[in-house]
Protein chains: 2
Amino acid sequence: MAAQQTNDGDPGTGSSAERLWSTSVGNDLAFLLARANALSLARMHTVLAPFGLRTRSYSVLSIAASDARPSQRELSDFLRLDPSQIVSLIDQLEGAGLVRREPDPRDRRANVVVATDAGRALVEEARRTVIDSDRAWFAVLSEDEREQLFSALHRLATGAAAQFADA
Amino acid sequence: MAAQQTNDGDPGTGSSAERLWSTSVGNDLAFLLARANALSLARMHTVLAPFGLRTRSYSVLSIAASDARPSQRELSDFLRLDPSQIVSLIDQLEGAGLVRREPDPRDRRANVVVATDAGRALVEEARRTVIDSDRAWFAVLSEDEREQLFSALHRLATGAAAQFADA
DNA sequence: TATTGTTATACTCTATAACTATA
DNA sequence: TATAGTTATAGAGTATAACAATA
């Protein structure tokens, strides 16, 4: 760990960076959101590394392994990634034999992204460890609090608030 | 931006990507956290652009403008950025005449980062618009819900959960 | 004319390693 | 020996623009 070192031999100042929480940014919801997410991402990265996945590729593979049969455009919209980023992600996953592009019979411009058997097996194994990690990481919250957090984040991620981001 | 179709809060239409919410990632707290944060960051970027600031430089400048008199190391610990990233951020802000490095009389290795008058004026103006934007963006939550969200995120960002990220 | 997927490019962010000067 | 700041570098993430095939 990066060792929040206490500044010993320095009487008067407590643990060095702790007092910065009293500044305005320390009390800003958006800053807390960013910080919590940074920690969560680092955790996900650690958990997914043994599977050769990152958060993005895990999300794509997970959706490809469902029965949703998404097009690349739908993945782009849902994950809020540029279509070109989806191309790159699918290229990697396809190169690793985890997903394949199937032509959409209803629109010859579009590809449907589906997981291979190998992809399905990998993502199911990965998902189990992700769920375990989630449980441990969110254990500082009670069941009620987790539900409230889910509700709040879901509204922020989908609700009217979303339009402000595109202004 | 890439043609973000404004699918603002109209669930009946069944816009193509909407059904992907029923997949497992759509119900993952960590995914929601990432998505909400991405939207919040995009919003902050839009709000801060007229001031020539980004979220990072805004945070640094904001703390430098307080009476906390942080060292670069403290900024690094608090913002969870590598010391080298702090160097780069301070270089930019110092080049723009917004902060300056002052020698720490108690440790000649350390710099104390303080805002100039210009920096203080800029960040106060910026903070007003950030606060307005925050209010609008979090308006989908009630006052109680905002407090609960703050409490939950604060625990996730500082509590025992933090150690999992470095495991 | 608009949309899907694609290629290309540039910039920001993240993560490490090594170096200096102080402690 | 350890810490504060610095330099350098490489890989991941983000944001645009332009293009071919298809609708």
Side-chain angles (χ1 to χ4, degrees), chain A residues 2-10 16-17 34-35 37-39 41-42 44-46 48-49 52-60 70-77 79-92 94 101-113 165-166, chain B residues 1-5 15-17 34-35 37-46 48-49 52-60 70-92 94 101-113 165-166:
Chain A
Q4 289 278 59
Q5 290 289 1
T6 49
N7 209 353
D8 46 4
D10 201 50
S16 58
R35 199 181 209 269
N37 180 59
L39 290 169
L41 273 184
M44 285 288 281
H45 176 265
T46 303
L48 290 174
L53 296 171
R54 310 193 50 90
T55 51
R56 297 281 151 78
S57 44
Y58 171 73
S59 295
V60 168
S71 70
Q72 295 187 197
R73 172 64 53 171
E74 287 171 325
L75 288 170
S76 169
D77 288 344
L79 298 174
R80 296 192 68 85
L81 300 175
D82 192 83
S84 62
Q85 298 175 254
I86 299 292
V87 169
S88 163
L89 281 167
I90 305 289
D91 282 350
Q92 289 171 245
E94 196 168 43
R101 292 169 160 97
E102 292 185 357
D104 185 336
R106 301 202 291 187
D107 185 340
R108 288 197 297 171
R109 294 171 304 180
N111 297 324
V112 170
V113 182
D166 296 317
Chain B
M1 199 165 191
Q4 198 68 40
Q5 49 188 21
S15 85
S16 60
R35 199 182 211 270
N37 181 59
L39 289 169
S40 173
L41 274 184
R43 166 188 66 100
M44 285 287 282
H45 177 264
T46 302
L48 291 174
L53 296 171
R54 318 208 24 110
T55 51
R56 297 280 151 77
S57 45
Y58 171 73
S59 294
V60 168
S71 70
Q72 295 187 197
R73 172 64 52 171
E74 287 171 324
L75 288 170
S76 169
D77 288 344
F78 182 66
L79 299 174
R80 296 193 68 84
L81 300 176
D82 192 83
S84 62
Q85 299 176 251
I86 299 292
V87 170
S88 163
L89 281 166
I90 305 289
D91 282 351
Q92 290 171 246
E94 196 168 44
R101 291 169 161 96
E102 291 185 356
D104 185 334
R106 302 203 288 189
D107 186 341
R108 287 196 297 170
R109 294 172 303 180
N111 297 325
V112 170
V113 182
D166 297 318

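Every chain is numbered from 1, with letters handed out A, B, ... down the list of sequences.
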K.L.:
Please round to the nearest 0.5 Å and tell me the distance separating atom OG of A:Ser71 and atom CZ of A:Arg101.
P.N.:
12.0 Å
K.L.:
Rounded to whole angstrom units, what separation is found between the CG atom of B:Leu39 and the P atom of D:dT14?
P.N.:
12 Å
K.L.:
Expressed in angstrom and rounded to an integer, what is the separation of A:Asp91 atom CG from C:dG5 atom P?
P.N.:
13 Å
K.L.:
Would you call B:Leu79 and B:Gln85 a side-chain contact if the rule is heavy atoms closer than 4.5 Å?
P.N.:
no
K.L.:
Please pick, from D:dG5, C:dT4, C:dT7, the nucleotide with the shortest atom-to-atom distance to any side-chain atom of A:Arg73.
P.N.:
C:dT4
K.L.:
Return the value, rounded to whole Å, for the distance between atom CG of A:Leu81 and atom P of D:dG13.
P.N.:
10 Å
K.L.:
Would a distance-only check, ignoring hydrogens and angles, find a side-chain to backbone donor-acceptor pair under 3.5 Å from A:Arg35 to B:Phe78?
P.N.:
yes
K.L.:
In whole Å, what is the span from the CG atom of B:Asp104 to the C1' atom of D:dA4?
P.N.:
10 Å
K.L.:
I need a per-nucleotide contact map over nucleotides 17-23 of chain C, read 5' to 3'. Cutoff is protein heavy atoms under 4.0 Å; write B for the base, S for backbone only, - otherwise.
P.N.:
-----BS
K.L.:
Would you confirm whether A:Ser88, through its side chain, and A:Ser84, through its main-chain N or O, come within 3.5 Å as a donor-acceptor pair?
P.N.:
no
K.L.:
How many angstroms lie between OG1 in B:Thr55 and CZ in B:Arg43, if you round to the nearest 0.5 Å?
P.N.:
11.0 Å
K.L.:
Determine the sole option in A:Leu89, A:Ile90, A:Leu81 for which the side chain to side chain contact (heavy atoms under 4.5 Å, CB included) test with A:Leu75 is passed.
P.N.:
A:Ile90
K.L.:
Over the length of the helix from C:dT1-D:dA23 to C:dA23-D:dT1, how much do the five-pair end axes diverge, rounded to 10 degrees?
P.N.:
10°
K.L.:
Can you measure A:Leu48 atom CG to D:dA12 atom P for me and round it to whole angstrom units?
P.N.:
14 Å
K.L.:
Have a look at A:Gln72 and tell me which of A:Val87, A:Asp77, A:Val60 forms a side chain to side chain contact (heavy atoms under 4.5 Å, CB included) with it.
P.N.:
A:Val87
K.L.:
Tell me the interatomic distance from A:Leu79, atom CG, to D:dG13, atom C1', rounded to whole angstroms.
P.N.:
14 Å
K.L.:
5'-most contact on DNA chain C: A:Ser71 or A:His45, nearest heavy atom basis?
P.N.:
A:Ser71
K.L.:
Which pairs, protein N/O on one side and nucleotides 11-13 of chain C N/O on the other, fall under 3.5 Å?
P.N.:
from, atom 1, to, atom 2, distance (Å)
C:dC13, OP1, B:Arg54, NE, 3.3

K.L.:
If only atom types and distance count, is the side chain of B:Glu94 paired as donor or acceptor with the main-chain N or O of B:Asp91 below 3.5 Å?
P.N.:
no
K.L.:
If you round to the nearest 0.5 Å, how far is CE of B:Met44 from CZ of B:Arg56?
P.N.:
11.0 Å
K.L.:
Between P on D:dG13 and CG on B:Asn37, what's the gap in Å once rounded to a whole number?
P.N.:
14 Å
K.L.:
Does a side-chain N-to-carboxylate-O contact under 4.0 Å join A:Asp104 and A:Arg73?
P.N.:
no
K.L.:
Between A:Ser57 (side chain only) and A:Leu53 (backbone N and O only), is there a donor and an acceptor less than 3.5 Å apart?
P.N.:
no
K.L.:
Separation of A:Ile90 atom CD1 from C:dT7 atom P, in whole Å?
P.N.:
13 Å
